[in-house]
Amino acid sequence: MITENNKTCAVIGAGVSGLGAAIRMRNKGYKVTVFEANSFPGGKCSSESKDGYRFDMGPSVFTMPQYVDELFILSGKNPRDHFNYIPLDPVYKYFFEDGTCLDAYHGKEKFAEQLAAKTNDKKEDIIKYLNKTETIYNLTEEVFLKNSLHRLKNFFTWPVLKGILNFGKIGAFDTMNGANQKAFKDTRLVKVFNRYATYNGSSPYLSPATLNVIAHVEIVKGAFYPVGGMYSITSSLAQLAKDIGVEFKYSTPVKEIIIENKKATSIKTNDGIQDFDIIISNMDVYNSYKKLMPTAKRPAKTLDQPKSSSGIIFYWGIKKEFTQLGLHNIFFADDYEAEFNCIFAKKSIYHDPTIYVNITSKHTPGDAPPGCENWFSFINVPNNQGQNWDAFIAEARENMIKKINRILKTDIRPLIESEMVFDPRVIESRTSSAFGAIYGNSSNNKFAAFLRHANFSKDIKNLYFCGGSVHPGPSIPLCLLSAKIITGLIK
Ligand SMILES: Cc1cc2nc3c(=O)[nH]c(=O)nc-3n(C[C@H](O)[C@H](O)[C@H](O)COP(=O)(O)OP(=O)(O)OC[C@H]3O[C@@H](n4cnc5c(N)ncnc54)[C@H](O)[C@@H]3O)c2cc1C
C-alpha cells in the first residue's frame, strides 16, 4: 500500500533505470510522471519484429536478476506472477579459428573442469583465478556498486572501509590482460577472460584488472534467460510501474530542465512547462547537460572522459537451424589486441572482428519461423566520431559472413532471408546516447569508476541522474542499482 506524500517526480526516459527509478519513487509516495521520447519503453532494452523474426535490439546477457525481482517485491507483488527467467548452463559457446569450441558452464567446478579439458591450463589454476575474482567482487560490491561514491559519509561503513583498506587486492594497478596473462598460459583462456572488458565497452589492454570481477558475476553467480526474451525485463517493469500508478507520456521528448536559484523546478516539453519537486534524468548525462541544461555549469572532468565503444549489429533472419550453436556464441578474432587497438586508437573497424551471435529462438521458438533462427550478430566498433558508417557496415557484413562461414564450415550468405542493421548513429538517435557509445564513459583507465557522474547534481538541488552513463555504470543490473542509489539519497 503506497502512502501518498503529495509530492511530484518527473523521470526523463523509460530506459531500464528510468523505469526502476519511477517504480521506487512511486513506492515512496511521489506522484510520478515518466516522459519518454520514443513511442515505447525500454530504451536500449527494446524489441522489434520483421518477416516473422523477433529480436531483442540491445542487451542479451542477463545477470543479477534479483534487482528486477526487488522492484516487484517492493511494490507488494510476487515477481514470479509477472516476470520469469531460467538459469543458463552452459552460458556461452566460444569458437576459435583453430577449430576449438569451448563450452562455458555455470559454477567454478564445472567451468574449470570443461575448460581445463580443452586448453593448456589446469583446473586448479582456473579455480584459483575464479577465487581471486570472487575476492575482488566481495571487496568492491559495496564501494563501487551499491553506494554513491560521491557522499563522504558512505565511506564510513565497515564493508566500504574494508574495500578501501584492501585496495591493493582489487587489481587496480594492473590491466585485465596483464592479470589474465599472469594467470593463464593458454592464449584462448586469456581471450575468454579478457572479453569481459567489452561488457562495459572497454579494452582489456587498458582497463584495470578490477573488471575481472565481471567473470565472477557471470560464471559463479550465473547468467539467466528471461522467459520471452530480454524485452520482458523492461516491458514487465513498464507494466508494473503503470499498475502502481506511474503516468507515462510516450513520444514526449523533454526539451529543457528549468533551473531557478540553483534548483531544478520544472521541465519543458512540446505540451508546455510542468513543475516537479524532484527531477530524475535517465537521459545520457552528457546530453542531459548539453541539450536540456545548456546554460548550467557542466562538470567537464566527468562529462568529457573518453566514451566507450559502440556496436554494429545485424539482426539476421536465418532460414536454417544450427545445432552446434547456443543462445550466446562468440567467434574470437585471431589477434585480439589488434582488434582493440583498431577500435580505441584508430577509431576504426577491424578486418577480423570478434563476433557475438545471440539466438533467442533457441529458448523461445516463436522468435523465428519453424526451422529458422533469429541471429543478433554483433561486433564492437568505435563510438561515432563522424566515420563513414555506411562503408563500415558493408565491410563489417562481408568480414562477419566470411568469418562465420570459415569457423562453422558453412555458407550463411544464402540463408539470410531478413535483415535489419544498427550502428552507432542509430543507437545515438534512438536513445540519445552521446556519440552512440553504448556504455557511457569507457573504463580504459584505473580512475574511471571515480570519474563517472554522480547520481545527483552537486550544484543543482532536486536533480538526480540514473542509467548507464552515471555511477555505478552500464548494464541492466548496474542501471537498476543507480535508480536504487537515487531513492536512497532522497529523504
Ligand atoms: C547492443 C547492446 C548490447 C548490450 N548488451 C548488454 C548485455 O548483454 N547485458 C546488459 O546487462 N547490458 C547490455 N547492454 C547495456 C544495457 O542495455 C544498458 O546499460 C541499459 O539498458 C541502459 O539503460 P538506461 O537506463 O541507461 O537507459 P537507455 O536504455 O539508454 O534509455 C534511455 C531512454 O531515455 C529516453 N530519452 C533520452 N532523452 C530523452 C529526453 N530528452 N526526453 C525523453 N526521453 C528521453 C530514450 O528515448 C531512452 O528510451 C547492451 C546495450 C546495447 C545497446
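As the structure is a prediction and not an experimental result, all values here were calculated from the model. Atoms within each ligand, like the ligands themselves, are counted from 1 in listed order.
For the side-chain hydrogen bond (donor to acceptor under 3.5 Å, both in side chains) test with K307, the passing option among N384, N441, N383 is N441; the others fail.
The backbone and the side chain of V61 each have at least one atom closer than 4.0 Å to an atom of ligand 1 (non-hydrogen atoms only). Residue contacts with ligand 1, taken as heavy atom pairs separated by less than 4.0 Å, do not involve D284 at all. By the criterion of a heavy-atom distance under 4.0 Å, the side chain of S432, and not its backbone, is placed next to ligand 1. If you look at K255 next to ligand 1, there are no close heavy atoms at all, none under 4.0 Å. Under 4.0 angstrom from ligand 1, the non-hydrogen atoms of C479 all belong to its side chain.
M283 CG, 3.1 Å is the protein heavy atom nearest to atom 38 (N) of ligand 1. When hydrogens are left out, the protein atom nearest atom 1 (C) of ligand 1 is I313 CD1, 3.6 Å; that is the closest non-hydrogen contact. Of the protein's non-hydrogen atoms, S475 N, 2.9 Å is the one closest to atom 19 (O) of ligand 1. In this structure, the protein non-hydrogen atom closest to atom 24 (P) of ligand 1 is N282 ND2, 3.5 Å. Counting only heavy atoms of the protein, atom 34 (O) of ligand 1 lies nearest to G13 CA, 3.2 Å. Scanning the protein heavy atoms around atom 53 (C) of ligand 1, the nearest turns out to be I438 CG2, 3.6 Å. For atom 26 (O) of ligand 1, the closest non-hydrogen atom on the protein side is G468 N, 2.8 Å.
Because its NZ or CZ atom is not both nearer than 6.0 Å to the ring centre of Y231 and within 45° of the ring axis, R54 does not count as a cation-pi partner of that residue. Geometric assessment of R298 against the ring of Y286 yields a positive cation-pi assignment under the 6.0 Å and 45° thresholds.
Below 3.5 Å of separation, one finds an N or O of S17 facing an N or O of ligand 1. The shortest N or O to N or O distance between V254 and ligand 1 is below 3.5 Å. At under 3.5 Å, a nitrogen or oxygen of K44, whether backbone or side chain, sits near a nitrogen or oxygen of ligand 1. Looking at ligand 1, you'll find an N or O of S60 within less than 3.5 Å of one of its N or O atoms. Between A37 and ligand 1, a contact under 3.5 Å exists for at least one N or O pair. Inclusion of I476 in the set of residues having an N or O under 3.5 Å from an N or O of ligand 1 is warranted. Considering backbone and side-chain N/O atoms, F378 never comes within less than 3.5 Å of an N/O atom of ligand 1. Looking at ligand 1, you won't find any N or O of T252 less than 3.5 Å from one of its N or O atoms. In terms of N/O distances under 3.5 Å, ligand 1 is not approached by G467. When only interatomic distances are considered, the shortest N/O to N/O separation between E36 and ligand 1 falls below 3.5 Å.
There is a side-chain donor-acceptor pair under 3.5 Å between S75 and N27. Side chain to side chain, Y356 and S60 meet the donor-acceptor criterion of an N or O pair below 3.5 Å. Side-chain contact check for T252 and T269: no donor-acceptor pair (N or O, by modelled atom type) lies under 3.5 Å. Looking only at atom types and distance, the side chain of S377 has no donor-acceptor partner in the side chain of R397 under 3.5 Å away. Judged by distance alone, the side chains of S203 and N444 never bring a donor and an acceptor atom under 3.5 Å apart. Counted by atom type alone, S361 and N374 present one or more donor-acceptor pairs between their side chains at under 3.5 Å. Judged by distance alone, the side chains of S432 and N287 never bring a donor and an acceptor atom under 3.5 Å apart. Checking D367 against T360 by side-chain atom types alone, a donor-acceptor pair falls below 3.5 Å.
Distances below 4.0 Å separate heavy atoms of P474 from the following atoms of ligand 1: 19 (O). Of all atoms in ligand 1, listed by their number and element, those nearer than 4.0 Å to a heavy atom of N38 are 47 (O), 49 (O). Every atom of ligand 1 is numbered from 1 in the order shown, and the set under 4.0 Å from a heavy atom of R430 is 47 (O). Below 4.0 Å from some heavy atom of F35 lie the following atoms of ligand 1, by number and element: 43 (C), 44 (N).
By heavy-atom distance, the residue among P477, S469, P59 lying nearest atom 5 (N) of ligand 1 is P59. Summarising the contacts of atom 31 (O) of ligand 1 with G440, G201, G43, G311, the nearest heavy atom is found in G43.
More than 12 heavy atoms of other shown residues, nucleotides or ligands fall within 6.0 angstrom of atom NZ in K50. Shown here is K110, whose NZ atom has more than 12 heavy atoms of other residues, nucleotides or ligands within 6.0 Å.
Under a 4.0 Å heavy-atom criterion, P253 is in contact with ligand 1. Within the 4.0 Å heavy-atom shell around ligand 1 one does not find K291. For the pair V16 and ligand 1, a heavy-atom separation below 4.0 Å is found.
Residues I438 and P474 fail the side-chain proximity criterion, which asks for heavy atoms closer than 4.5 Å.
Closest heavy-atom contact between E36 and G15: OE1-N, 4.3 Å.
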Decide yes or no on salt bridge (charged side-chain N to carboxylate O under 4.0 Å, His left out) for E48 and R430, but give the supporting numbers first.
CA-CA 13 Å; E48 292 211 6; R430 235 173 109 108; 2.5 Å; yes

Fill in: Verdict with reasoning, D284 to K291, per salt bridge (charged side-chain N to carboxylate O under 4.0 Å, His left out)
CA-CA 10 Å; D284 179 294; K291 298 189 174 166; over 6 Å; no

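The aromatic rings of F340 and F344 sit parallel, their planes meeting at an angle under 30°, below the 60° perpendicular limit.
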